[in-house]
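Being a predicted model, the structure only gives us computed values, none of them experimental. Chain letters run A, B, ... following the sequence lines, proteins first and then strands; every chain starts at 1.
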Amino acid sequence: MVFEFPRETNFKNLEENVQSYWEKINLLKKVQEKNSKGEKFYFLDGPPYASGSIHLGTAWNKTIKDAVLRYLTMLGYNVTRIPGWDCHGLPIEVKVEKILGIKSKKEIEEIGIEKFVEECKKFALKHVEIMTNQFKRLGILMDWDNPYMTLSDDYISSAFWTIKKAYEKGLLEKKLRTITTCPRCETVLAEAEVEYKDVYDPSIFVMFPSKDEKDTYYLVWTTTPWTLIGNVAIAAHPDYTYVKVKTERGNLILAKERLKVLEEIKLKYEIVDEFKGRELEGKRYEHPLKDYINVKLRSEKAYTIVLAEFVTLEEGTGLVHVAPGHGPEDFELGIKYGLDIICPVDERGIFKDEAGKYKGLRARFDDKIIIEDLKRLGLLLYATRIRHRYGHCWRCDTPIIYRATEQWFINVTKIKDKMLKEIGKAEWIPEWAGFSRFKEWVENAKDWTISRQRYWGIPLPIWICEKCGNLLVIGSKKELEELSGRSIKELHRPYIDEIKLRCNKCNGTMHRVKDVLDVWFDSGIAAWASLSYPEKRKPFEELFPAKLIIEGHDQTRGWFYSQLVCGVISFDTIPYRKVLMHGFVLDEKGQKMSKRLGNVVTPEEVIEKYSADTLRFYLLWANKTWEDLKFRWQDVKEIYDSLRILWNVCYFAALYMRLDNFNPKEHGFDFNEFKFKKEFKYKLEDLWILSRLNSLIKTYRENFEKLHLFNVARELHKFIVEDLSRWYITLIRPRTWIEEESEEKLSAYATLYEIISKLSILLAPIVPHIAEEIHTRFVKPFKDIESVHLERMIEHDESRINKELEDEMRIVREIIEASYSARDKRKIKRRWPLKEIIIETKDSFVEKACKDLKEIILKQGNFFDIKIVRKFGDIRFSLNEKLIGITFKKKAKRILQELKSRKITKEDIEKGIRLEIDGETIIIDERFFNIEKVLERDFEYEPFSKGFVIIDTRIDENLLSIAFAREIVRRIQYMRKELDLNVEDYIRAAIETRNEKLINLIKKHIDYISRETRAREIVIDKKVEHKKYIKDWDINGELFKISIEKI
RNA sequence: GGGCCCGUGGCGUAGCCUGGUAGCGCGACCGGCUGAUAACCGGUAGGUCGAGGGUUCAAAUCCCUCCGGGCCCA
């Protein structure tokens, strides 16, 4: 395999082969054994949700993780590589309901909780397997056989422990609260589970009859007619001005500023009274539906006007209908005034007995029946529809309703200050992720409703005595087994529901609270639950807290937060110490990818078309990690192309190294340090690329430390494409063609070898498959090592960095490019040699660069001579009026007037013209002039940043003869290629042309032509005896007949 | 409605922290190479840096307002 490098390769096949090789040698095990004594690095994988398959976002997430972990591994850290899976919760329940063809909790109970839960488990495990394979195909090196899963008993036991901790600290509470409920899922939802979207809802103005005054009504606006049944009061703002107006519908009371609602419906009115809101307090009214409903209120304040600050004048009437059972603000107000908290709706959203005639109807859906009744009673002033934002269930998309229910909470308010302090203990990348965004979210955090009335989740470990109400929180599976005296199949419903405990106070029977935990709680405890703490202590003691987590910015409200809460509950600390936050993958227009828009691109598609390494490199390279990534196929292609360039570079190097039997070992290459022990006779371009390489290693490592992976990828990309392929390889090509042993050739090989072997290591975290392949062909034949991923990360060698040389080369490249441009203007091909290049510059560094790298300029520019001068030819100039305008804005006009009135000379421009404008001195120097060179016809020029490049375009006989010789060489080589000759084959050649002068010219270079084309014999004449393979050629209008044959 | 981020040639981006005549890649067009070759290289055109205002001798960069996109929240 020594320097065997296929010209063509299919990255996809390559990756599959490399992956089976990793399996074969058990790379994961080798990696872990190698670093088993290294410093421990606790990386915590945020568990993806085990449903569906991976998308570009998850691919990006795991790619970042994998790159970082592979890098840390190569530094010698003993890195944890446990992948996680989030397996519980409503999303899976909803999908399983669909599979089973059922729609409600009632149907679940009918088929049995056990069957349902088993289906959920099956579903989760199936998707764990599917996604595992997808991640493996991406080349993510993790311990896929030993993941942590939130559904395991171990994990659940840790959750019990955490809940018990919360209980012991007085943070676990059961409270009556009005919160969001999904009537389809029949469970409460946390704020985080509600998604807002625009919908159309009724908008009605209802007249609430006053009990104090006849034919007088309080005008109330609502968009949720169904909540009227639960109405217990009306709220007014104490400071606003209210009016009583006389209308054909009776006397109406509303806020003065909201009279426009009457104008909008063209109801004529006359103000008969005006007063402050506070004067309304305690006024009584009748429930508009009093005859239909069956609500009995006990509060003294029932059906009266109360005062509230939250009343606004932005919409509605300034009078707000209060239903404490159907709105969080109403609930707070209800507590404040001691109002009745009634909730005539059950968790399915169906009205209960209290709703009287409405019993059995559905909240929201049957709004129109209520509206009809109001209309019939003459209490509906006006009804229309509006479009507004309304909350929906995150999983089933059903509009949510607010209900007052008793739920279990974590009292986050109590620990908020501690949490805010703890944010600062973690390092956030970027900084604003923690200190602006996350902090904002934590500051606004409310108590966390952790109970859910569902089946597939971690059961609440709370038992309550049916007799005395005594409460017991269980802290582990073991504890539960000990207390119940029986072994438990598993810690899921329904098995755990069967466990009854004996009350230690009254000897009554204790039953488990039927709820399960909010699924966000599951992942919140990952930092210790994934290590099975407190069941096992050692891993936890060695590792906790996590050194690093890496997740998307949507996790601000999710995992970053749930971990903070759970960490503070359990250990009084934030359970992670560094956070790298990444963005979202959007389509190329910046729109979210969604099935609805049909713009979804899957990782499989990209791998299929280009390969996993291409995708990985692209994802890391495309933009700053924390910004959203706009996915563009064209950019993926660009990355693919540059990986091919890398491949070609290696192919090129391997080809010649193999032909020349180059062996790095024989030349003293140190395979630990990855460099040659001896110095070769390096040429300047070798020293230059070695300097660039070491600069690259330096920035590579600096950026990896900062986790700025985008800079790592970009620097690598630039080095490979710009420096190595486009410049270095171009420069050394002639050296590789030298036939005999030579120092020049050897030093080029040595340089290339060092670069490619080191690159294989640098590339390993980013494109692990290709890196492995290159390493296999360049390093493994000489070194006893099984994988590039078992190598140690290389360090840069400061003594090899030569900034001055790098700067010189930059200038020289600029000059050569300018000379190409000058050639282009006269349509002179690059193959045609020119006599002289003249560099006009006043910069001494440029002068030095041109002298040092003279050879490169001559060779690459194809010149015979170089001249460096301070001044060449004449100039013509004109004022750059646009620039003066941009620069001096308002003063520009006067400056231009002044300049135009003068006679400006070349000397003026060189020195700079001083102008006095408004007592201010302005210097107009050469920057403000458009300068053109005035040269003799034989010269052409092109400016560069530090001067001008001038070329002498005259072609004399000598140049002409060389040019033609080169043209002939090119043609013969083309023909060699057509005959499919090997690089080392020899030939005989014959050339025929009518032009006698040309024959003589070309004859001068017959040696050169033979050498370049490996021709043992060449004849050239007006008439020759041709060889086997003949071809006609037109070279600059001259006709040639050339023939060759292999010897 | 609020918080955070983003808005630079047709497209994707660098520069913004630490103000000083706007860089790169892709694409387009023109050309070259033919011993890395279904690759590779060069050149050219294209931008009032989302809009408006302010600070400053000087603003893509600092400040304010607005508009558009994303995430999160209400």
Side-chain angles (χ1 to χ4, degrees), chain A residues 5 7-8 191-192 194-196 312 314 328 389 391 430-433 435-441 443-445 552-558 561 581 583-586 588-592 621-624 626-635 637-639 641-642 644-656 659 710-711 714 717-718 721-722 725-727 729-730 733-734 736-737 816-825 827-831 880 882-884 886-889 891 920 922 927-928 942 969-978 981-984 1012-1014:
Chain A
F5 221 84
R7 172 177 293 173
E8 264 305 305
E191 285 171 62
V194 177
E195 276 168 9
Y196 288 82
T312 72
E314 271 149 35
R389 307 268 282 166
E431 213 168 281
W432 53 259
F435 298 104
S436 303
R437 196 186 163 100
F438 191 48
K439 209 169 152 206
E440 224 273 326
W441 167 250
E443 272 165 358
N444 293 325
H553 51 49
D554 55 327
Q555 295 302 330
T556 306
R557 76 167 186 185
Y561 177 73
M581 188 180 84
F584 257 53
V585 181
L586 309 173
E588 60 181 26
K589 293 187 196 108
Q591 305 270 2
K592 198 172 162 173
W621 161 93
N623 61 340
K624 294 203 190 81
W626 46 85
E627 284 172 14
D628 290 345
L629 185 152
K630 289 179 194 157
F631 182 88
R632 284 207 332 150
W633 279 107
Q634 211 163 46
D635 290 340
K637 167 82 163 52
E638 191 188 332
I639 288 299
D641 287 344
S642 38
R644 295 210 58 102
I645 292 176
L646 169 71
W647 191 261
N648 283 336
V649 167
C650 296
Y651 168 75
F652 171 84
L655 176 69
Y656 287 101
L659 282 177
F710 50 99
N711 278 335
R714 283 170 185 180
H717 180 260
K718 212 167 72 191
V721 175
E722 285 291 322
S725 169
R726 285 191 192 156
W727 200 237
I729 297 285
T730 316
R733 250 155 142 172
T736 61
W737 301 337
I816 292 166
E817 273 159 22
S819 81
Y820 291 158
S821 184
R823 275 172 182 272
D824 216 52
K825 284 185 191 165
K827 298 281 163 224
I828 302 169
K829 289 178 181 176
R830 298 230 301 269
R831 199 173 332 116
N880 186 344
K882 191 181 160 200
L883 183 61
I884 291 174
I886 293 167
T887 312
F888 299 106
K889 308 235 153 78
K891 289 181 191 137
E920 210 184 298
I922 290 167
R927 296 176 309 155
F928 293 100
E942 177 72 19
V969 166
R970 202 201 111 200
R971 263 61 176 196
I972 293 176
Q973 263 152 5
Y974 187 87
M975 291 168 75
R976 283 182 62 112
K977 186 105 219 240
E978 283 190 320
L981 298 189
N982 286 325
V983 177
E984 59 271 26
E1012 290 294 311
T1013 62
R1014 292 177 83 88

[N] [atom2] sits how many Å from [X] [atom1], rounded?
{"X": "A/L655", "N": "B/A39", "atom1": "CG", "atom2": "P", "answer": "19 Å"}
{"X": "A/R714", "N": "B/A14", "atom1": "CZ", "atom2": "C1'", "answer": "7 Å"}
{"X": "A/D628", "N": "B/U13", "atom1": "CG", "atom2": "P", "answer": "10 Å"}
{"X": "A/E942", "N": "B/G42", "atom1": "CD", "atom2": "C1'", "answer": "12 Å"}
{"X": "A/K630", "N": "B/G7", "atom1": "NZ", "atom2": "C1'", "answer": "7 Å"}
{"X": "A/E817", "N": "B/U44", "atom1": "CD", "atom2": "C1'", "answer": "14 Å"}
{"X": "A/H553", "N": "B/C72", "atom1": "NE2", "atom2": "P", "answer": "8 Å"}
{"X": "A/I645", "N": "B/U37", "atom1": "CD1", "atom2": "P", "answer": "13 Å"}

Determine whether any donor atom in the side chain of A/Q973 lies under 3.5 Å from an acceptor atom in the base of B/G35, or the reverse, and answer yes or no. yes
Search all heavy atoms of [X] against all heavy atoms of [Y] and return the closest pair with its distance.
{"X": "A/G552", "Y": "A/M581", "result": "C-CG, 4.1 Å"}
{"X": "A/T730", "Y": "A/S725", "result": "OG1-O, 3.5 Å"}
{"X": "A/T736", "Y": "A/Y656", "result": "O-CD2, 3.6 Å"}

Just call it for [X]: base, sugar-phosphate, or nothing, with non-hydrogen atoms closer than 4.0 Å on any strand.
{"X": "A/I729", "result": "base"}
{"X": "A/V649", "result": "base"}
{"X": "A/R823", "result": "nothing"}
{"X": "A/E1012", "result": "base"}
{"X": "A/T736", "result": "nothing"}

Taking the [atom1] atom of each, how far is [N] from [M], in whole Å?
{"N": "B/G7", "M": "B/C17", "atom1": "P", "result": "14 Å"}
{"N": "B/G46", "M": "B/G23", "atom1": "P", "result": "14 Å"}
{"N": "B/U13", "M": "B/G43", "atom1": "P", "result": "25 Å"}
{"N": "B/A45", "M": "B/G35", "atom1": "C1'", "result": "35 Å"}
{"N": "B/A14", "M": "B/A39", "atom1": "C1'", "result": "28 Å"}
{"N": "B/C63", "M": "B/G25", "atom1": "P", "result": "31 Å"}
{"N": "B/A36", "M": "B/G9", "atom1": "C1'", "result": "33 Å"}
{"N": "B/G20", "M": "B/A60", "atom1": "C1'", "result": "13 Å"}

Using nucleotides 2-5 of chain B, report all nitrogen or oxygen pairs with the protein that are shorter than 3.5 Å.
from, atom 1, to, atom 2, distance (Å)
B/C4, O2, A/R437, NH1, 3.3

Of A/D641 and A/N623, whose closest RNA chain B nucleotide lies nearer the 5' terminus? A/N623
Between A/Q555 and A/F652, which has a closest nucleotide on RNA chain B that is more 5'? A/F652
Residues in side-chain hydrogen bond (donor to acceptor under 3.5 Å, both in side chains) contact with [X], at least two apart in sequence or another chain:
{"X": "A/N648", "value": "none"}
{"X": "A/R823", "value": "none"}
{"X": "A/N623", "value": "none"}
{"X": "A/E942", "value": "A/S821, A/K825"}

The criterion is salt bridge (Lys or Arg N to Asp or Glu O under 4.0 Å); which residues satisfy it with [X], sequence neighbours excluded?
{"X": "A/R632", "result": "A/D635"}
{"X": "A/D554", "result": "none"}
{"X": "A/R733", "result": "none"}

Would you write the dot-bracket representation of RNA chain B, where each base gets (, ), [, ], | or . depending on whether it forms a Watson-Crick or G-U pair under 3.5 Å and with which partner? (((((((..((((......[..)))).(((((.......))))).....(((((..]....)))))))))))).
Might you list the N or O atoms of the protein lying below 3.5 Å from N or O atoms in nucleotides 22-25 of chain B, with each pair's distance?
from, atom 1, to, atom 2, distance (Å)
B/G25, O2', A/E638, OE1, 2.9
B/G25, O2', A/E638, OE2, 2.1

ring-ring contact (aromatic ring centres under 6.0 Å, His included) filter on A/F710, not counting sequence neighbours, yields A/W626, A/H708
Considering residues at least two apart in sequence or located in another chain, which fulfil the ring-ring contact (aromatic ring centres under 6.0 Å, His included) criterion with A/Y561? A/W441
Are [X] and [N] close enough that a side-chain N or O sits under 4.0 Å from OP1 or OP2?
{"X": "A/R976", "N": "B/G35", "answer": "no"}
{"X": "A/K624", "N": "B/G15", "answer": "yes"}
{"X": "A/Y651", "N": "B/U37", "answer": "yes"}

Distance-only, no hydrogens or angles: does the A/Q973 side chain make a donor-acceptor pair with backbone N or O of A/E1012 under 3.5 Å? yes
Any chance you could measure A/W621, atom CH2, to A/I639, atom CD1, to the nearest 0.5 Å? 4.5 Å
Nucleotide nearest A/Y820 when distance is taken to its side chain, options B/U37, B/G42, B/C72: B/G42
